[in-house]
Amino acid sequence: MELIKDTAQFEEIYHKSCHQPELFWDEIASGFTWKKRWDKVLSWNFTEPNIHWFVNGKMNITENCLDRHLPEKSDQIAFYWEPNSPDTSPRSFTYLSLYQEVNKVANSLKQYGIKKGDRICFYMPMVPELAIAILACARIGAVHSVVFAGFSAQSLADRIEDSQCKMVICSDYNDRGAKHIAVKQVVDDALQFPGCQCVENVLVYKNTGDEVTWYPERDLWWHDVVPNQSNECEAESMDSEDMLFILYTSGSTGKPKGVVHTCGGYMVYTSYSFKQVFQINEKDLYWCTADIGWITGHSYIVYGPLLVGATSLMFEGVPTYPDAGRFWEICDKYNVTHFYTAPTAIRALMAYGNSFVEKYQLKSLKVLGSVGEPINEEAWHWYNEKVGKNRCPIVDTWWQTETGGIMISTLAGITPSIPSYATKPLPGIQPVLLSADGIELEGNEVEGLLCIKFPWPSILRTTYGDHERCRQTYFSLYPGYYFTGDGAKRYKDGNYRIIGRVDDVINVSGHRLGTAEVENAINRHPHVVESAVVGFPHDIKGQGIYAYVIPVDFNIDETILKKEIAEVVAKQIGAIAKPDKIQLVSGLPKTRSGKIMRRILRKVAGGETEGFGDVSTLLNPEIVEEIKDGAV
Ligand code: WTA
């Protein structure tokens, strides 16, 4: 796969990708190892939806991540691993050692009865064994479902149950910053739920060596099972459209849904987008600070970099441990050339002042990336000046769990970076802006709902176990389009600026949460009648969580109730979903049909005191004043 060389070539390739998409993707896909070539590049409709890429092609993604590189790169480092504490020894894996480790784990899974199509749930910290075991699943055609290890036992249980996982892979404990977390305990608690009977074995990686409760009929130690296996394991032949993984993500309504990605298209697109956006070359050292529990980690820590044969870095810890210079220390230590992080991390580090970042040289850096939420101009400029020393292009990459890969972004050093703009769609991506009634807005200087009108190889195929939910969420509101849930503006030269979600999804420190999910958790508290949750602008997190709560009665200790509500949310979802602010109210503003007027709640949460418009048509207009007066 050739790197795009300049703007003119980008324009030419983009044009081709839209006018001859099948030819365009056929050529790119031909650069991979296939066990059998496809009969047809694409067959699709957005009505059911039914999308097939590289129809009847057979392959295995791990042969493309590992085997394919062995002749030339067996001694090249596939990834370095930097531990949470700078006092612990770092580790590294060459392409050959990674290949062997993956095969050993793959054979272990087979030994315990895991077959093609079985689902395996991961609840693991950022240790190399997480990446290894994910690849081991893919090697034998098992489907991985990684759950971010900050979610609660309840959330984990919901996800295990929804996809009926046969095995859970976890660690004993985890050190994250100064915290010491009992990971396996959360798995044990989750497996108490009746819906989790499907789990036959728990494979436990000894990470810290702390004592754990052991269930001998179910639990297996990694070190008992893995080391004795053969380091060869034949890669299962997978159809392009066989499931590769499930990743749960939040939406406007109900419980998180399992977004399904398939083997062939996901392979082609993550690899293509990784290479073009970051303009990766031999000798580069790429570092993405995300957690593998999110899509960024799947596509751009595990699969993308390995597919192109890059050398990358995986980091176990957090940006502020032992101090706020850790990221920059690591960049200097490994000579990182490509650094990819989230705006929330940049803002958090900015808040510590410049002394930390100024202690380091950061000479090796060539490209900086941003992902997960809109990057505000102040953070963009700090990143550009203090980290990139005004000489590294910034790629602001817009995409989603559902898109599988980066959709709109600058190509580093090829197309221009503009502060707070994701800029242009990648080749093969055809975004449109729609008005609320579904009309395509033409030209530039327009704002609308961001939709995509043609499939790309890594578009989600379904939501696990509920195809109708997939259709309704993404393909029904605006027939013929994939609806992203984001609003965007298009400016001159066709550059896009992402405004943010237009639905009831909030983005807290780059983590996606549904307001309904948080409300359901709050409502579990016996002293709560009803609640409404909205996002509000937060200096570091991007958005904070503001909860309006109607208590059973006001004759209570407010501080205790608020604390208990936060605990209920942490227990139901995880600490990331704890409200930043809770306001007790006697009612919520409702329309005559009983719908909560969130517009008003968002304004109050955002600190606005006027511009509420006509509220007289509400069922209970008087409540607006009470809410305004009681804002916290
Ligand atoms: C938001 C993360 C602005 C957006 C990869 C999207 C962004 C949601 C950007 C998906 C960006 C992601 N600029 N907003 N560069 N990247 N978003 O599924 O609202 O965790 O819909 O995927 O994050 O979040 P998800």
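Both ligands and their constituent atoms are indexed starting at 1 by order of listing. Note: hydrogens, waters and symmetry copies are ignored here, and every other heavy atom, side chains too, is used.
When all heavy atoms of S458 and Y269 are compared, the closest pair comes out as OG-CD2, 3.2 Å. Scanning all heavy atoms of the two residues, the minimum distance from D284 to K366 falls at OD1-NZ, 2.7 Å. When all heavy atoms of V505 and S250 are compared, the closest pair comes out as CG2-O, 4.1 Å. A pairwise comparison of heavy atoms in K275 and M1 identifies NZ-O, 3.7 Å as the closest pair. Between L313 and L285 the shortest heavy-atom distance is CB-CD2, 4.4 Å.
The protein heavy-atom contact nearest to atom 1 (C) of ligand 1 is G372 O, 3.3 Å. If you check which protein heavy atom lies closest to atom 10 (C) of ligand 1, you get W399 O, 3.6 Å. Given atom 3 (C) of ligand 1, the protein heavy atom at minimum distance is P374 N, 3.1 Å.
Residue-level proximity to ligand 1 for Q400 is carried by backbone and side chain together, each with a heavy atom below 4.0 angstrom. Here T401 has heavy atoms under 4.0 Å from ligand 1 in both its backbone and its side chain.
Checking only distances, R501 does come within under 3.5 Å of ligand 1, N or O to N or O. Of the polar atoms of I375, none of the N or O atoms is found under 3.5 Å from an N or O of ligand 1, judged by distance alone. In terms of polar-atom proximity, R512 is counted as a contact of ligand 1, with an N or O under 3.5 Å from an N or O of the ligand. Here's the thing with D486: one of its N/O atoms is less than 3.5 angstrom from an N/O atom of ligand 1.
Taking a cut-off of under 4.0 Å to the non-hydrogen atoms of I498, the atoms of ligand 1 that pass are 3 (C), 14 (N). Heavy-atom contacts of N507 reach the following atoms of ligand 1: 1 (C), 23 (O) (cutoff under 4.0 Å). Within ligand 1, the atoms closer than 4.0 Å to a non-hydrogen atom of T397 are 9 (C), 11 (C), 15 (N), 16 (N), numbered from 1 in the order shown.
A heavy-atom separation below 4.0 Å is not found between W294 and ligand 1. Taking 4.0 Å as the cut-off, A422 does not count as a neighbour of ligand 1 on heavy-atom distance.
Screening V259, D162, D158 against Y248 for a side chain to side chain contact (heavy atoms under 4.5 Å, CB included) leaves a single residue, D162.
Screening residues 430-442 for side-chain hydrogen bond (donor to acceptor under 3.5 Å, both in side chains), with sequence neighbours left out, gives S435-D437, E440-Y481.
Between the choices V259, V395, D396, the shortest heavy-atom distance to atom 15 (N) of ligand 1 belongs to D396.
Atom CD1 of I498 is separated from atom NZ of K489 by 12.0 Å, given to the nearest 0.5 angstrom.
Cation-pi contact between K257 and Y464: absent, since separation from the ring centre below 6.0 Å together with deviation from the ring axis within 45° is not met.
Crowding of D539 atom CG: a count of heavy atoms from other residues, nucleotides or ligands under 6.0 Å not exceeding 12.
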